[in-house]
Number of protein chains: 2
Amino acid sequence: MTASRPRRATLPDVAALAGVSTAAAGRALGGYGSVSEDVRRRVAEAARQLNYRANRLAASVRTGRTDTIGVVCADIESPFFARALRGISDVAHEHGFSTLVTNSDEDLASEREAVQLLLHKQVDGIICAPADVTQVDHLAQAQTGGTPVVLFDRVSDHLEADAVVVDGMKAAYQAVRRLLDLGHRRVAIVAELRQPREQDWARFLTPRTEVSLGELSPSEARLLGYLRAHWDAGVPVRRELVRRTGTYAAEAAYQQTKRVLALKNPPTAVFTVDNLMTVGAYRAIRDLGIAVPDRLSVVAFDDLDWTVLVSPALNVIAQPVYEMGAEAARRLIRRLRDPEPAPPGTLFMDVTLVERESVAPIPT
Amino acid sequence: MTASRPRRATLPDVAALAGVSTAAAGRALGGYGSVSEDVRRRVAEAARQLNYRANRLAASVRTGRTDTIGVVCADIESPFFARALRGISDVAHEHGFSTLVTNSDEDLASEREAVQLLLHKQVDGIICAPADVTQVDHLAQAQTGGTPVVLFDRVSDHLEADAVVVDGMKAAYQAVRRLLDLGHRRVAIVAELRQPREQDWARFLTPRTEVSLGELSPSEARLLGYLRAHWDAGVPVRRELVRRTGTYAAEAAYQQTKRVLALKNPPTAVFTVDNLMTVGAYRAIRDLGIAVPDRLSVVAFDDLDWTVLVSPALNVIAQPVYEMGAEAARRLIRRLRDPEPAPPGTLFMDVTLVERESVAPIPT
DNA sequence: TTGAAAGCGCTAACAC
DNA sequence: GTGTTAGCGCTTTCAA
């Protein structure tokens with residue numbers, strides 16, 4: 001026979017032991033209403049004796065608030081989101097909020113599921129990096145239901161919400177433009193581009209300015225920057241240099257990079273659009289034993305701790321990741337606190353082009 | 001005047017619209033008890049119409065379960081924990097659990113706070129990488145209160161709980177022993193060793209076997225393996241080659257490594273005990289322009305994606321990180337499901353010594 | 001300042 | 001299979 005563990009102590013238990021009403025005990029422990037110093041002490045002592053553990057769920061059912069922010073990362077293993085998460089949770093913690101973190105793996109169905117979960121758990125608000133900026137009905141629904149949403153890393157034209165992002169198009173433009181200005185004429189790009197929306201793709205390759213960032217995934221935006229840099233510089237875009245992995249995986253980037261470097265007329269520079277693409281591409285370059293920057297210049301989106309460990313150190317586009325997370329949290333909390341908040345807006349944060357050793361000019 | 005948003009629909013609302021009792025609606029939506037197909041359909045339809053959102057908090061208050069696992073990481077930004085977290089949450093998800101993730105930053109006070117938070121939020125169980133294996137009273141208290149705990153990455157002699165770890169001592173022993181067998185006589189080690197428990201430290205440097213893993217932090221365990229390898233090989237330990245950063249920071253490792261490499265009689269090999277130490281140490285090696293492995297052999301604890309990107313690729317001790325996380329979750333869930341669980345035990349998982357290009361023998 | 005009592009939204013007994 | 005009812009643990013009127 002097992003000794004049946006005694007029921008966990010509840011507020012009435014504490015109140016009884018302290019010789020006060022449940023309400024008084026609640027006030028003493030919860031720090032609301034007013035209680036005499038005497039009661040406060042007795043209740044605290046009783047709580048200690050009974051090893052009382054407050055049930056914030058019950059409180060939340062009553063108050064309707066959970067003091068919790070839900071976060072939907074696209075890939076929690078990526079250093080980008082890990083760092084952003086810190087920014088988010090530091091700010092949240094500072095304001096008395098906890099964070100409930102979920103992961104979508106850049107998959108729309110998982111994201112929907114994650115958002116449902118967060119809503120069921122009654123989070124006060126949601127920070128989300130949407131897997132597909134054109135499919136955000138579930139987020140709109142959350143807002144309709146009274147749960148504010150802040151977009152992170154991606155804006156959407158289909159959702160009226162605060163957003164914190166960088167202008168990936170502009171950043172890519174500058175980085176690629178620099179390569180072209182240095183004389184490069186064959187610059188490869190390695191990107192996911194998961195939704196091959198055929199018409200968009202065709203549209204993409206035609207010079208035009210009428211594309212909104214709020215319709216593009218980060219990798220699409222960065223590709224567009226790449227394209228525009230070419231158009232503006234009057235350098236023709238070579239389709240064989242635009243490498244689409246179709247999937248968010250280093251291995252695919254590895255394959256694509258190997259293939260592009262094996263062309264009869266290989267690129268003299270390569271631009272990778274994120275973490276995983278960079279890892280894959282760089283591994284290919286290493287395996288092929290290609291000299292950087294002598295035979296190939298390299299520029300990567302996102303700074304990573306290892307980009308200074310390889311030789312030569314990589315030129316990168318660095319995002320203010322921590323600050324982006326922090327700012328997203330700040331905006332959400334502001335909206336939660338303020339009953340009459342300002343209309344939502346998009347905050348564009350500045351990137352930094354970090355020049356290191358992986359880029360060289362083409363001798364003329 | 002703002003249109004006051006209508007109250008969120010509740011179960012009684014749905015029930016009313018569907019023309020059934022609250023209980024029936026609950027059963028239909030919650031998937032418990034038995035309901036006719038007809039009722040199920042009407043309720044589902046009503047829920048849809050009202051944009052009903054279940055409140056799982058309320059359910060949890062009633063049932064006493066939250067189907068949530070609390071996790072206390074020591075550093076969520078480290079690839080180690082990020083990957084482990086995936087293992088945890090994949091398994092959790094598979095079994096219908098969510099995860100509530102917190103972070104201690106290897107700080108005991110933060111860890112205590114995190115555990116309190118998790119308990120207040122009524123998580124069903126906790127997976128924790130304790131910041132200090134000798135200070136685990138808060139975890140013991142959680143268990144006493146009926147919330148099972150599984151230790152992750154670290155065992156403690158002061159807590160009777162399941163644990164999933166690797167034998168860092170043995171792994172370090174093997175790696176260092178290999179270096180010694182290759183003729184190295186001056187092998188440096190770079191480690192945190194945050195608690196300089198003076199007596200232990202003295203004890204450490206004296207050959208003896210009576211040290212339990214459950215009293216050591218990971219970095220201490222790895223240091224011990226390093227020491228034992230020396231003792232067994234009959235190679236004297238040089239105190240100036242044991243570099244203690246005292247803090248979990250790459251920068252400190254950078255400084256320590258620079259210093260040790262600047263010795264009049266520098267090491268011919270260096271062993272780094274984790275992620276951050278490796279990043280810092282390797283940066284120092286790179287900055288100093290020291291040829292690896294010709295002038296210096298390098299072995300690192302933990303595999304990281306960049307260890308194959310640098311030239312030469314690093315020899316590493318790889319842990320089955322994902323599996324460790326997954327297994328920790330499995331053990332916790334087993335304990336949650338099984339009312340009469342087996343006595344707790346420690347699972348030691350095997351590491352892999354990955355030979356790459358950063359180690360060379362010393363010519364005799 | 002304090003206590004009694006109602007009720008947050010849900011599930012579990014138990015009767016029908 | 002379905003409804004009635006009690007109650008999870010807490011906070012919040014409201015009256016004293």
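Residue numbering restarts at 1 for every chain, and letters A, B, ... go by the order of the sequence lines.
- Rounded to whole Å, the distance from CZ on B/Arg65 to P on C/dC10 is 16 Å.
- Between B/Arg53 atom CZ and C/dG9 atom P the separation is 13 Å, expressed in whole Å.
- Remark: B/Asp105 engages A/Arg86 in a salt bridge, criterion side-chain N to carboxylate O under 4.0 Å.
- The phosphate of C/dT11 has OP1 or OP2 within less than 4.0 Å of a side-chain N or O from B/Tyr32.
- Residues B/Val165 and B/Leu151 fail the side-chain proximity criterion, which asks for heavy atoms closer than 4.5 Å.
- One can place CZ of A/Arg42 at 13 Å from C1' of C/dG3, the figure rounded to the nearest angstrom.
- How far CG of A/Asp67 is from CG of B/Leu117: 10.0 Å, rounded to the nearest 0.5 Å.
- To the nearest angstrom, P of D/dG9 lies 16 Å from CG of B/Leu119.
- Taking atom NE2 of A/His120 as the reference point, atom P of C/dG9 lies 15 Å away to the nearest angstrom.
- Regarding contacts with the backbone of D/dG3, a side-chain N or O of B/Ser21 is found under 4.0 angstrom from either OP1 or OP2.
- Separating the CZ atom of A/Arg41 from the P atom of C/dT2 is a distance of 12 Å, rounded to the nearest angstrom.
- Whole-Å rounding puts the A/Leu57 CG to D/dC8 P distance at 16 Å.
- For A/Leu11 and C/dA5, the CG to P distance is 17 Å, given to the nearest whole Å.
- If you check D/dT4, C/dG9, D/dT11 against the side chain of B/Ala23, the one that comes closest is D/dT4.
- In the interface, the side chain of B/Arg27 is paired with the base of D/dG3 through a donor and an acceptor atom under 3.5 Å apart.
- Put simply, A/Ser36 has a side-chain N or O that comes within less than 4.0 Å of OP1 or OP2 on C/dT2.
- Looking at heavy-atom distances under 4.0 Å, B/Ser34 makes contact with a base.
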